[in-house]
Amino acid sequence: MYLNQQKQLEAGLREALRSLYQIEVDTVVLEQPPELAFGEYATPLAFELARRLRKAPRKIAEEIVAALGPVPGFAGFEVAGGGYINARLDRAAAVESYAMSGDVPPPRQRLHELVEHTSINPNKAAHVGHLRNAILGDTFVRLLRAAGHQVDVQNYIDNTGVQVADVVVGLMHLEGLTLRGVEEWVAELAATGERIDYACWDLYARVSLWYAGDPDQTEARKKIRLDTLHAIEAGGNDVARIAELISTAILRRHLETMLRLGIEYDLLPRESEILHLHFWDLAFEQLKAKGVLYFETEGKNKGCWVMKRPGTAETEPDGGPDEDAKVIVRSNGTVTYVGKDIAYHLWKFGLLGRDFAYRPFFRYADRECWISAETGEANHPHFGGAQAIYNVIDSRQADPQANVIEALRGLGYTEQAAHYTHFSYEMVALTPRCAMELGYEVAPEDQARPYIEVSGRKGFGVKADDLIDKLIAATRAEVDSRHPELSEAERDATARAIAVGALRYFMLRFTRNSVIAFDFKDALSFEGETGPYLQYAVVRTRSIFRKAGTTPEAALAGLRGLDLAPYLSGPGTEGIWDVWLRTAKTTLLLDQCIQTAEPAYLAKHAFQLAQDFSNFYRLHHILSEEDPARKALLLATAAVTHRELIRSLAWLGISAPEVM
RNA sequence: GGGCGAGUAGCUCAAUCGGAUAGAGCACCGGCCUUCUAAGCCGGGGGUUGUGGGUUCGAUUCCCGCCUCGCCCA
């Protein structure tokens with residue numbers, strides 16, 4: 001809607017430029033004036049043309065305004081300042097169209113999209129950093145789906161890597177357990193309701209200390225670690241069975257944790273199948289055939305299969321070996337992580353020539369989450385073969401991600417490489433104060449820093465479930481004191497919705513490349529720019545309709561045929577049009593978020609709409625309004641706020657309770 | 001050594017393709033619950049946008065140098 005008006009204005013301006021000066025411009029910059037009193041749109045077009053036309057900007061602006069014919073949807077144009085052209089919408093017409101249409105236009109290009117997120121090593125509990133990943137990823141999935149895209153959601157599981165190996169080492173060598181013993185331990189944890197991911201969190205930290213704990217044993221323990229890893233990779237032995245048992249149990253816990261936040265997955269592809277189904281062999285053949293990989297015969301990478309790094313020259317000027325090249329196959333024949341990742345991404349795009357087998361793994365309310373397998377069920381949904389992919393992975397992985405893209409490009413898959421997005425974001429760190437509150441020792445030099453990186457290896461961090469539990473406890477206390485009349489179940493559901501809203505908004509309000517310095521004080525805040533603030537605005541609109549005895553839909557329909565113009569500008573109408581204009585931008589924001597892969601813009605938009613509504617709510621008392629037409633508009637203003645907030649919040653994965 | 005990101009109010013963050021008076025939240029100070037929910041609202045103070053240059057009618061934004069911090073690669 002807002003976008004349509006923008007296009008109309010742009011077309012009008014272009015036409016004026018053609019008829020006046022016979023010129024075409026590449027882009028017509030349209031922005032919103034600093035105050036709504038100046039109009040809804042402004043363009044600095046005249047400034048840009050001043051030099052080209054050898055005229056004063058103000059003069060040009062005046063000529064353009066004079067030449068502009070009537071533009072559909074607009075009431076008038078004027079020149080402001082040194083040469084801005086301000087445009088005013090026909091507010092009454094705009095309100096009527098905003099009220100009737102809340103639809104999202106179909107996407108320009110409908111691709112089969114694949115979003116991968118969460119991807120936690122299944123050897124310990126999820127922490128706040130993983131929450132940021134999962135919430136960003138899940139929100140982006142919701143945005144893509146809202147825009148009409150078909151999206152598959154994957155959560156990649158590295159179940160055969162060193163992190164899982166470390167926990168297996170802990171169980172076998174620190175705890176002295178055999179496969180049988182581990183099975184009993186897992187059963188015992190399940191029986192007592194103890195969280196296995198928590199138990200392994202501590203064990204993992206202990207193993208890290210153990211490796212370096214005795215200088216005489218360092219080499220021997222390194223060997224144990226490597227042997228364990230190799231046994232897991234090979235499969236078909238007790239070590240691998242322990243790894244499978246532990247990683248699967250922890251994976252289930254991760255899925256349960258994420259489900260608390262409304263986060264679901266379609267498929268869990270695992271590294272074990274990538275290994276055992278020999279994805280790499282097929283990728284290796286392609287990479288060799290296309291010359292992407294070459295065998296290095298000199299220098300430090302002698303005996304390795306290497307690949308040119310993105311951004312480096314084709315050959316070294318001096319003709320020597322490219323020492324900068326990325327090793328894909330080591331001289332001992334083992335494949336690096338990037339190599340396996342290339343094979344996996346060829347599968348994602350349907351370019352590998354081999355598929356996983358699949359079996360159901362985790363049941364959601366209305367669907368199944370599948371997992372990769374060596375042998376699976378005959379009937380399964382089709383996975384992979386995407387046209388565009390998004391990998392939600394923190395910014396530290398930028399280098400390996402760039403290598404995978406470079407390999408795709410080298411193989412001639414330029415289209416796929418262009419539709420490969422590393423959805424990068426900065427880490428969640430802890431403030432020194434938060435770390436000390438949690439009882440960790442913080443070195444004096446670290447205390448002066450704004451944040452400290454979390455480390456699963458050291459057991460340093462805030463566990464996701466602990467944070468969620470704390471949030472629920474805090475919201476539950478509030479709900480209990482505010483609404484003792486509600487049933488236990490209602491209070492529980494309300495507290496959970498608010499807790500999830502607070503957490504999801506907290507993780508989404510920062511732009512992706514900003515490090516979040518985590519602090520319980522901020523994360524547990526329910527005032528100001530927070531999820532509960534947005535939910536509260538919705539609750540207020542609900543309360544209005546409850547007391548008015550009508551619905552938002554009826555209120556919006558009730559505008560038909562009314563003369564609204566007197567109520568949309570002038571004294572006594574402050575704050576009404578602001579709400580309408582804001583609501584009209586929701587689909588624009590959706591589009592912008594997808595184009596830039598930045599959900600924070602929508603979070604900010606929803607907050608601003610809630611602020612606009614609060615302002616409107618203060619200035620206009622709806623239920624006591626006596627002028628019927630004016631009352632209809634005020635009710636519709638609450639209704640359009642309700643409609644747009646509910647839908648924006650849904651895209652952010654936040655639901656608004658009935659009362660709070 | 002190379003690459004990426006960042007530096008904006010006391011703190012945490014915004015700022016659309018380079019546009020009008022750099023905006024929010026928190027914290028602080030002062031007000032507002034007898035009209036639709038105070039998890040709210042109103043008002044106030046608070047800025048040399050790290051630094052030095054350049055481009056431009058116009059720079060937080062683009063370019064170059066320097067400083068500081070974080071991450072990644074060797």
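A note on names: the letters A, B, ... follow the listed sequences, proteins ahead of strands, and every chain is numbered from 1. Reckoned from all heavy atoms, side chains included, excluding hydrogens, waters and symmetry mates.
Distances shown here put a side-chain N or O of A:Ser614 below 4.0 Å from the OP1 or OP2 atom of B:C41. The side chain of A:Tyr601 contributes an N or O atom lying less than 4.0 Å from OP1 or OP2 of B:A15. Of the side-chain N and O atoms in A:Tyr533, one or more sit less than 4.0 angstrom from OP1 or OP2 of B:C41. At B:G25, none of the side-chain N or O atoms of A:Arg509 fall inside 4.0 Å of OP1 or OP2 (strictly under the cut-off). Contact between the side-chain N/O atoms of A:Gln397 and the OP1/OP2 oxygens of B:C4 is not found at any separation under 4.0 Å. A:Asn513 has a side-chain polar atom (N or O) that falls below the 4.0 Å cut-off from OP1 or OP2 of B:A6.
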Let me see the working for A:Thr586 and A:His605 under side chain to side chain donor-acceptor pair (under 3.5 Å), right down to the final yes or no.
CA-CA 8 Å; A:Thr586 306; A:His605 168 74; 3.1 Å; yes
Check the pair A:Phe74 / A:Tyr41 against side chain to side chain contact (heavy atoms under 4.5 Å, CB included), numbers first and verdict last.
CA-CA 10 Å; A:Phe74 284 83; A:Tyr41 296 91; 3.6 Å; yes
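Under a 3.5 Å cut-off, the side chain of A:Tyr440 and the backbone N or O of A:Gly461 do form a donor-acceptor pair.
Which of B:C71, B:A20, B:C17 sits closest to the side chain of A:Thr27 comes down to B:C17. Listed candidates were B:C36, B:C72, B:C73. Nearest to the side chain of A:Tyr617 is B:C36. When distances run from any side-chain atom of A:Arg309 to the nucleotides B:G70, B:A39, B:C73, the shortest one goes to B:C73. Considering only the side chain of A:Phe47, B:G19 comes nearest among B:C42, B:A6, B:G19. Listed candidates were B:C13, B:C36, B:A74. Nearest to the side chain of A:Ile544 is B:C36.
With centres under 5.5 Å and a plane angle under 30° as the test, the ring of A:Phe607 is not stacked against the base of B:A24.
Distance check, rounded to the nearest 0.5 Å: OH of A:Tyr601 to CD of A:Glu598 gives 5.5 Å.
At the heavy-atom level, A:Asn301 lies nowhere under 4.0 Å from the strands shown. Using a 4.0 Å heavy-atom cutoff across all strands shown, A:Glu453 reaches sugar-phosphate atoms only and no base atom. Residue contacts for A:Glu658: at a heavy-atom cut-off of 4.0 Å it reaches a base atom on one of the strands shown. Here A:Ser514 lies in heavy-atom contact (under 4.0 Å) with sugar-phosphate atoms only. No contact: A:Pro57 has no heavy atom under 4.0 Å from any strand. Nucleic acid contact for A:Gln32: none, since no nucleic acid atom lies under 4.0 Å from a heavy atom of the residue. Residue A:His605 is out of contact with every strand shown, counting any heavy-atom pair closer than 4.0 Å. Within 4.0 Å of A:Val479, counting heavy atoms only, lies at least one base atom of the nucleic acid. Here A:Val515 lies in heavy-atom contact (under 4.0 Å) with sugar-phosphate atoms only. Here A:Ala600 lies out of heavy-atom contact (under 4.0 Å) with every strand. Using a 4.0 Å heavy-atom criterion, one finds that A:Arg482 contacts the bases of the nucleic acid, with or without backbone contacts as well.
A cation-pi geometry, defined here as NZ or CZ lying under 6.0 Å from the six-membered ring centre and within 45° of its normal, holds between A:Arg540 and A:Tyr617. A:Arg509 forms no cation-pi arrangement with A:Phe607, by the criterion of a distance under 6.0 Å to the ring centre and an angle within 45° of the ring axis.
The gap from the C1' atom of B:A27 to that of B:G44 amounts to 14 Å, rounded to the nearest Å. Rounded to whole Å, the separation between the C1' atoms of B:U16 and B:C72 comes to 30 Å.
Classification of B:C33 as syn follows from a glycosidic angle within 90° of 0. The glycosidic torsion of B:C11 lies more than 90° away from 0, which places this base in the anti conformation.
When the nearest nucleotides of RNA chain B are assigned to A:Lys521 and A:Thr43 by heavy-atom distance, the more 5′-ward of the two goes with A:Thr43. Mapped onto RNA chain B by nearest heavy atom, A:Ile516 and A:Arg618 fall at different nucleotides, with A:Ile516 at the one closer to the 5' end.
A:Asn615 places its CG atom 18 Å from the P atom of B:C36, with the value rounded to the nearest Å. Rounded to a whole Å, the CG atom of A:Leu534 is 12 Å from the C1' atom of B:G25. If you measure from atom NE2 of A:His620 to atom P of B:C36, you get 17 Å, rounded to the nearest angstrom. Atom C1' of nucleotide B:C4 and atom CD1 of A:Ile405 are separated by 14 Å, given to the nearest angstrom. The distance from atom CG of A:Leu30 to atom P of B:G18 is 15 Å, rounded to the nearest whole Å.
Pairing analysis of RNA chain B (Watson-Crick: purine N1 to pyrimidine N3 plus N6-O4 or O6-N4; G-U wobble: N1-O2 and O6-N3; both under 3.5 Å) yields stems of 3 or more pairs at B:1-7 with B:67-73, B:10-13 with B:23-26, B:28-32 with B:40-44, B:50-54 with B:62-66.
Using cut-offs of 30° and 60° on the angle between ring planes, the pair A:Tyr156 and A:Tyr337 is perpendicular. The aromatic rings of A:Phe518 and A:Phe520 lie perpendicular to each other, with more than 60° between the two planes, well past the 30° mark.
A:Glu478 and A:Thr475 are not linked by any side-chain donor-acceptor pair at a separation below 3.5 angstrom, with hydrogens and angles left out of the test. Counting only N and O atoms by type, the side chains of A:Asn391 and A:Gln401 include a donor and acceptor under 3.5 Å apart.
Judged by distance alone with a 3.5 Å cut-off, no donor-acceptor contact links the side chain of A:Asp399 to the base of B:A74.
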